[in-house]
Amino acid sequence: MTIDHPSFGRIDNDRVIIFDTTLRDGEQSPGFSMNLAEKLRMAEALAELGVDVIEAGFPVASKGDFDSVHQIASHIRAPVICALARSGGRNDIASAGEAIRPAARGRIHNFISTSPLHMKYKLRMEPETVLELITAGNQAARQFTDDVEWSAEDGSRTDPDFLCRCVEAAIKAGATTINIPDTVGYATPEDMARIFADLLARVPGADTVIFSAHNHNDLGLGVANTIASLSAGARQIECTINGIGERAGNAALEEIVMALRTRQDVLPYSTGIKTQNLLRTSRMLATITGFDVQPNKAIVGRNAFAHESGIHQDGVLKNAATYEIMTPESVGWTRSSLVLGKHSGRAAFRDKLKAMGYGEMDEAHLNDAFARFKDLADRKKVVYDEDLVALVDDEARDHARIRFVSLDIEAGSRRPARADLALEVDGEARSATVTGQGPVDAAFNAVREIFPHEATLQLYSVGAVTEGSDAQARTTVRLEEDGKLVDGQGADSDTLVSAVRAYVHALNKLLVKRTRAEPEAMTA
Ligand code: KIV
Ligand code: ZN
């Protein structure tokens with residue numbers, strides 16, 4: 001079977017469309033909000049990774065969401081740019097249509113709940129009204145684009161006969177992709193396979209659209225449910241980098257893609273993903289959001305290819321296939337390597353960053369990053385790839401309002417610690433000299449003195465980027481304000497500078513968060 005799709009043309013039956021919702025379903029989860037510049041950077045990385053569709057946001061939710069979808073639609077050309085809308089929401093479809101207008105290829109994704117529980121308690125609507133809104137939403141979306149997706153929110157807990165009626169109505173009203181989410185992560189792989197097989201067999205017109213799977217991970221079954229959906233006929237998968245998303249998250253893109261690639265014998269599907277970019281994209285997201293993946297996370301966790309036991313190490317040395325089902329290089333891992341020395345010039349530095357997949361940096365970021373590299377090379381014997389990644393990612397963070405300038409610390413066991421800190425706030429230089437219970441306390445007090453705020457420190461953790469006592473420190477700082485949590489990260493060969501950078505990063509994220517409106521009745 002081949003399908004003629006408005007955005008992709010004729011699609012072979014073994015081609016799986018990768019729909020990335022990191023910037024929508026992922027970004028709406030607690031602690032993961034990103035500002036416009038961060039979203040644009042992620043969107044660029046997703047395009048380089050080769051995703052087919054980027055769900056860029058929910059434009060009606062706030063001006064910030066609208067602007068980011070619009071900007072991504074204006075700048076990112078290769079993937080389809082998708083905007084979310086409620087099927088029955090006032091202004092949702094018009095706002096989504098307006099936001100994707102600049103896109104080379106744009107999609108509107110409208111959704112409404114179809115399960116008895118959601119219809120009765122959340123929507124307070126009769127099933128017939130929901131059917132009417134499905135038709136109206138898809139018809140309205142088709143006024144803006146031929147590429148329209150419709151989702152049955154809480155689809156996996158929907159009565160099968162009613163789900164067939166909803167899907168039929170959506171197709172008749174012009175939807176070209178039909179998504180059946182397991183919104184609450186309740187389904188098993190067998191459930192998902194049965195739902196797709198049923199819809200494909202029973203709904204008139206099912207053979208003219210793409211079916212899509214969207215699995216949440218509340219029972220840890222997100223990836224398994226996605227694979228089962230593919231085996232039953234779905235050909236689009238909705239997923240996020242690092243599996244971020246509401247509650248326990250969404251199915252992780254990197255895990256699904258590598259399962260398909262590694263198990264071609266039983267999963268004979270293809271994607272457009274450049275798998276060597278997976279690690280880099282994962283790290284970029286972790287850096288931007290301040291949430292590292294756990295060490296044992298499949299594909300991108302730092303232990304994913306580490307062999308600790310002697311028996312395993314011995315096996316891998318004799319033949320890597322003994323304990324490795326895919327090569328580390330295939331997902332972007334490289335061995336730590338000596339990169340540049342303190343005599344390296346700016347051109348070599350730029351070439352090295354390019355070779356590491358950083359693309360073209362703007363001049364200002366390049367200059368700042370190069371100055372920090374020179375400083376690091378003066379202080380650290382060996383500069384590894386990991387050091388460069390930490391440094392460049394740190395530099396690329398958008399310190400929208402507050403920027404770190406300098407820090408001097410006096411500390412010891414015989415007197416209180418004293419921090420002399422300089423920051424730039426909204427372009428204006430400010431400084432403070434403050435004491436504290438120790439050097440970290442003094443440094444954080446100085447930030448509070450320069451930029452007074454009510455947020456409280458919830459977590460302060462320090463790790464090393466590489467090995468050795470001259471390794472750069474990588475710090476995470478978590479702040480809390482009115483129940484909102486943000487994590488910031490910083491890296492520097494001076495642990496205290498790294499801590500202040502992380503604090504400032506978290507503070508900037510909090511300022512962004514304060515300006516965002518909560519989307520009304522937004523779930524999933
Ligand atoms: O999980 C869900 O149901 C969603 C929909 C909005 C697609 O995210
Ligand atoms: Zn979702």
Side-chain angles (χ1 to χ4, degrees), residues 17-30 32 53-61 65 69 80 82-89 92-93 95-96 107-119 121-123 130 133-134 137-138 141 147-158 163 166-167 170 175-187 191-192 195-196 199 209-223 225-226 229 234 236-253 256 518-524:
I17 294 167
I18 303 292
F19 176 110
D20 181 277
T21 183
T22 305
L23 296 176
R24 198 280 298 171
D25 218 344
E27 201 261 352
Q28 77 189 41
S29 56
F32 284 87
V53 185
I54 294 178
E55 187 165 49
F58 185 20
V60 83
D65 264 51
V69 177
V80 172
C82 173
L84 185 69
R86 290 165 300 182
S87 300
D92 283 47
I93 306 269
S95 175
R107 172 180 298 190
I108 295 178
H109 172 194
N110 71 113
F111 74 100
I112 191 165
S113 292
T114 52
S115 67
L117 201 64
H118 276 219
M119 288 192 292
Y121 293 104
K122 185 184 117 171
L123 297 178
V130 168
L133 292 176
I134 292 171
N138 285 294
D147 188 342
V148 171
E149 171 168 337
W150 175 75
S151 281
E153 189 183 0
D154 208 17
S156 57
R157 294 194 298 174
T158 297
L163 190 60
C166 292
V167 170
T176 47
T177 299
I178 300 291
N179 182 40
I180 310 296
D182 180 28
T183 302
V184 291
Y186 176 75
D191 292 337
M192 291 316 302
I195 290 170
F196 283 106
L199 291 172
V209 296
I210 303 274
F211 278 90
S212 165
H214 176 115
N215 294 106
H216 280 269
N217 210 23
D218 299 67
L219 295 173
L221 291 173
V223 172
N225 286 345
T226 305
S229 307
Q236 173 178 285
I237 56 170
E238 304 199 352
C239 46
T240 59
I241 300 293
N242 295 347
I244 71 168
E246 286 282 5
R247 307 178 308 277
N250 290 54
L253 181 151
I256 298 165
E518 285 299 324
E520 166 211 341
M522 179 62 187
T523 55

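Numbering of ligands and ligand atoms starts at 1, following listing order. All residue numbers in this chain count up from 1 along the given sequence. Quick caveat, the model's predicted, so the values are computed rather than measured.
Less than 4.0 angstrom separates some heavy atom of His216 from each of these atoms of ligand 1: 1 (O). Distances below 4.0 Å separate heavy atoms of His109 from the following atoms of ligand 1: 7 (C).
Residue contact annotation: Glu246 has no non-hydrogen atom under 4.0 Å from ligand 1.
Side-chain polar atoms of Thr114 and Thr158 form a donor-acceptor pair below 3.5 angstrom.
Residue Asp154 has no N or O atom closer than 3.5 Å to an N or O atom of ligand 1. At under 3.5 Å, not a single nitrogen or oxygen of Glu153, backbone or side chain, sits near a nitrogen or oxygen of ligand 1. Of the polar atoms of Arg24, at least one N or O is found under 3.5 Å from an N or O of ligand 1, judged by distance alone. Distances between N or O atoms of His214 and those of ligand 1 include at least one value under 3.5 Å.
Between the side chain of Asp25 and the backbone N or O of Thr21 there is no donor-acceptor pair closer than 3.5 Å. Between the side chain of Asn225 and the backbone N or O of Ala187, at least one donor-acceptor pair lies under 3.5 Å.
Proximity of Glu238 to Asn250: side-chain heavy atoms (C-beta onward) are nowhere separated by under 4.5 Å. With a 4.5 Å cut-off on side-chain heavy atoms, Tyr186 and Asp218 do not count as touching. A heavy-atom distance below 4.5 Å is found between the side chains of Glu149 and Gln236.
Of all the N, O or S atoms in Asp25, the one closest to the Zn ion (ligand 2) is OD2.
Residue Thr183 holds the heavy atom nearest to atom 3 (O) of ligand 1 of all those in Thr183, Thr21, Ile180, Leu84.
Between Asp154 and Thr183, the closest heavy-atom pair is N-OG1, 2.7 Å.
Here Asp25 has side-chain heavy atoms under 4.0 Å from ligand 1, and that is the only part of it that gets that close.
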